[in-house]
Amino acid sequence: MTQAHRTAAPADLILDWYDRHHRDLPWRVSPPMAARGVTPDPYRIWLSEVMLQQTTVQAVKSYFALFTTRWPTVIDLAKADNEDVMKSWAGLGYYARARNLKKCAEAVAFEHGGVFPDSEDGLKALPGIGDYTAAAIAAIAFNRQSAVLDGNVERVISRLHAIETPLPAAKPEMRALVSAMTPEHRPGDFAQAMMDLGATICTPRRPACALCPVNAHCRVLGREDPELFPRKAAKKEKPVRVGAAFIAEDHTGAVFLRKRIDSGLLGGMTEVPGSAWTARTDGETGLAAAPFPADWQACGTVTHVFTHFELRLSIYRSMVSGAVRAGEGWWQPKETLDGEALPTVMKKAIKQAIPDAFERVANRE
DNA sequence: AATGCGGGGAA
DNA sequence: TTCCCAGCATT
């Protein structure tokens with residue numbers, strides 16, 4: 001018997017491991033259901049994949065439940081109000097995903113007859129769907145033999161083959177290796193198996209190599225520290241920006257809010273008035289940036305870390321007695337503040353000025 | 001190829 | 001603290 005016959009292919013070993021360690025996730029079809037012929041709903045697969053972009057499974061779960069309850073089909077989501085979608089997405093981050101999610105739902109509902117394209121190319125033509133997501137939906141929802149490459153798979157592949165090329169330059173090489181490895185049968189399960197392997201065994205730090213179904217095939221294990229893979233280019237340090245935020249409260253407890261422009265940082269989300277966020281402290285990043293004259297009281301600072309900079313916001317609050325000329329914006333009643341499309345940094349700023357701002361409804365009775 | 005874009009959990 | 005997560009769009 002040849003070596004090839006005695007040793008199972010890595011893909012089969014990984015699929016066997018997957019079957020023994022199946023994770024029950026809200027967007028997955030359980031093995032018993034799959035055995036009865038139930039196939040994944042492309043809408044739910046798409047929604048979960050978009051939410052999971054650069055986002056952990058734990059963070060996604062409650063949002064996935066909310067969206068699928070409010071909008072059970074892609075048609076429902078396509079007909080939804082833009083602002084309702086942004087409000088429901090608030091807190092999940094990367095808000096361009098929410099804007100593209102809505103555009104994509106409209107495209108599928110109104111230009112594709114409510115049916116998702118079943119090919120990688122067709123999917124990739126839709127807003128918010130790139131290389132990874134197109135391959136993942138094609139494999140998982142339509143059983144296509146596409147090469148699914150995400151951060152987990154990059155780690156698994158880079159270790160299995162001891163790839164020395166640093167990311168992101170190594171991606172084409174990695175995709176070719178994944179493509180060669182992807183089986184004809186169960187390509188969707190294989191893709192999920194590779195991601196589960198990266199998430200639970202082949203982890204960034206202290207991987208559980210002893211439990212790995214393909215440890216015998218790994219070119220790094222036993223030779224070098226697996227934590228050194230994948231190779232990555234050095235990253236630069238985050239600059240600091242400063243600014244001011246103004247929380248105005250009227251006699252009813254309502255807070256003055258505005259809407260940010262649809263593009264760029266926190267695009268389309270709600271905010272409290274504030275200064276620009278700049279690298280240098282100057283007159284425009286303090287009290288001088290107040291939206292209207294009032295008895296502004298300094299009440300500390302809030303720090304928030306974004307992907308590419310750290311923000312230090314000086315917080316000011318005031319009680320406004322009568323009507324003020326406040327420019328663009330509106331007074332949001334305190335009872336409905338929590339339902340607004342407020343990103344986390346804005347909730348932090350409001351809490352700093354009004355500690356119980358988001359607990360008033362719960363504490364009222 | 002490089003950059004902008006959130007937020008939170010794990011070690 | 002640091003890392004990085006089922007990445008995409010734009011330049």
Side-chain angles (χ1 to χ4, degrees), chain A residues 23 25-28 40 44-64 86 89-101 103-104 123-141 146-156 165-172 175 178 188 190-200 202-207 227-228 230 232-239 241 260 262-269 277 303-311 341-348:
Chain A
R23 285 203 291 171
L25 299 174
W27 43 87
R28 279 189 182 167
R44 293 167 64 90
I45 297 301
W46 161 73
L47 180 61
S48 69
E49 290 299 343
V50 173
M51 288 182 165
L52 286 161
Q53 289 164 6
Q54 292 292 287
T55 308
T56 56
V57 167
Q58 189 53 42
V60 163
K61 280 182 178 171
S62 64
Y63 286 86
F64 182 81
M86 299 309 288
W89 196 276
L92 195 56
Y94 283 146
Y95 299 99
R97 290 187 296 173
R99 301 193 295 272
N100 285 329
L101 186 82
K103 288 183 198 163
C104 183
L123 288 161
K124 205 180 157 182
L126 293 166
I129 299 183
D131 287 336
Y132 162 75
T133 307
I137 298 173
I140 298 168
S146 50
V148 176
L149 186 66
D150 76 328
N152 290 302
V153 180
E154 284 171 2
R155 193 165 50 252
V156 172
T165 313
L167 285 170
K171 286 186 89 168
R175 186 169 288 106
V178 172
F190 176 73
Q192 295 178 87
M194 287 286 278
M195 293 189 278
D196 279 9
L197 191 61
T200 64
C202 198
T203 49
R205 285 191 277 183
R206 299 197 53 174
E227 292 189 6
L228 299 177
K232 289 189 177 179
K235 51 185 67 170
K236 6 180 196 180
E237 63 178 285
K238 286 182 183 180
R241 293 188 199 172
R260 295 175 66 88
D262 281 322
S263 61
L265 183 68
L266 307 177
M269 301 297 286
W277 300 340
T303 296
H304 187 77
V305 181
F306 290 97
T307 307
H308 53 297
F309 67 93
E310 177 183 319
L311 176 65
L342 290 163
T344 297
V345 64
M346 294 301 160
K347 286 196 172 182
K348 280 189 196 174

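Worth saying up front: this structure is predicted, and the values here are computed from it rather than measured.
Residue-level contact check: A:Gly91 touches the backbone only, with heavy atoms under 4.0 Å from sugar-phosphate atoms and none from bases. Among the protein residues, A:Leu92 comes within range of the nucleic acid bases, having at least one heavy atom under 4.0 Å from a base atom.
When the ring pair (Phe, Tyr, Trp, His ring centres under 6.0 Å) test is applied to A:Phe64, the partners found at least two apart in sequence or on another chain are A:Trp27. In this structure, A:Arg241 has no salt bridge (charged side-chain N to carboxylate O under 4.0 Å, His left out) partners at least two apart in sequence or on a different chain. Residues passing the salt bridge (charged side-chain N to carboxylate O under 4.0 Å, His left out) test with A:Glu227: none are found, sequence neighbours excluded. Residues passing the side-chain contact (heavy atoms from CB on, under 4.5 Å) test with A:Thr165 are A:Ile163, A:Ala169, A:Ala170, A:Glu173, sequence neighbours excluded. The salt bridge (charged side-chain N to carboxylate O under 4.0 Å, His left out) check on A:Lys348 picks up nothing, with sequence neighbours excluded. For A:Arg44, the salt bridge (charged side-chain N to carboxylate O under 4.0 Å, His left out) criterion is met by no residue, not counting sequence neighbours.
C:dA6 and B:dC5 are spaced 23 Å apart, taking the P atom of each and rounding to whole Å.
In terms of position on DNA chain B, the residue among A:Arg206 and A:Phe309 whose nearest nucleotide sits closer to the 5' end is A:Phe309. Of the residues near DNA chain B, A:Gly264 and A:Pro168, the one whose nearest nucleotide (by heavy atom distance) lies more toward the 5' end is A:Pro168.
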Original post:
For every nucleotide of nucleotides 1-9 of chain C, 5' to 3': is a protein heavy atom under 4.0 Å from its base (B), only from its sugar-phosphate (S), or from neither (-)?
Top reply: -B-SBBBSS
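Protein chain A touches strand DNA chain B; the 5'-most and 3'-most nucleotides with an atom under 4.0 angstrom of its non-hydrogen atoms are B:dT3 to B:dA11.
Side chains of A:Arg97 and A:Thr55: a donor on one and an acceptor on the other come within 3.5 Å.
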Show every donor-acceptor pair shorter than 3.5 Å between a side-chain atom in residues 125-136 of chain A and any protein atom, with sequence neighbours excluded, or say none if there are none.
| from | atom 1 | to | atom 2 | distance (Å) |
| --- | --- | --- | --- | --- |
| A:Asp131 | OD1 | A:Lys124 | NZ | 2.5 |
| A:Tyr132 | OH | A:Glu49 | OE1 | 2.7 |
| A:Thr133 | OG1 | A:Gln53 | NE2 | 3.0 |

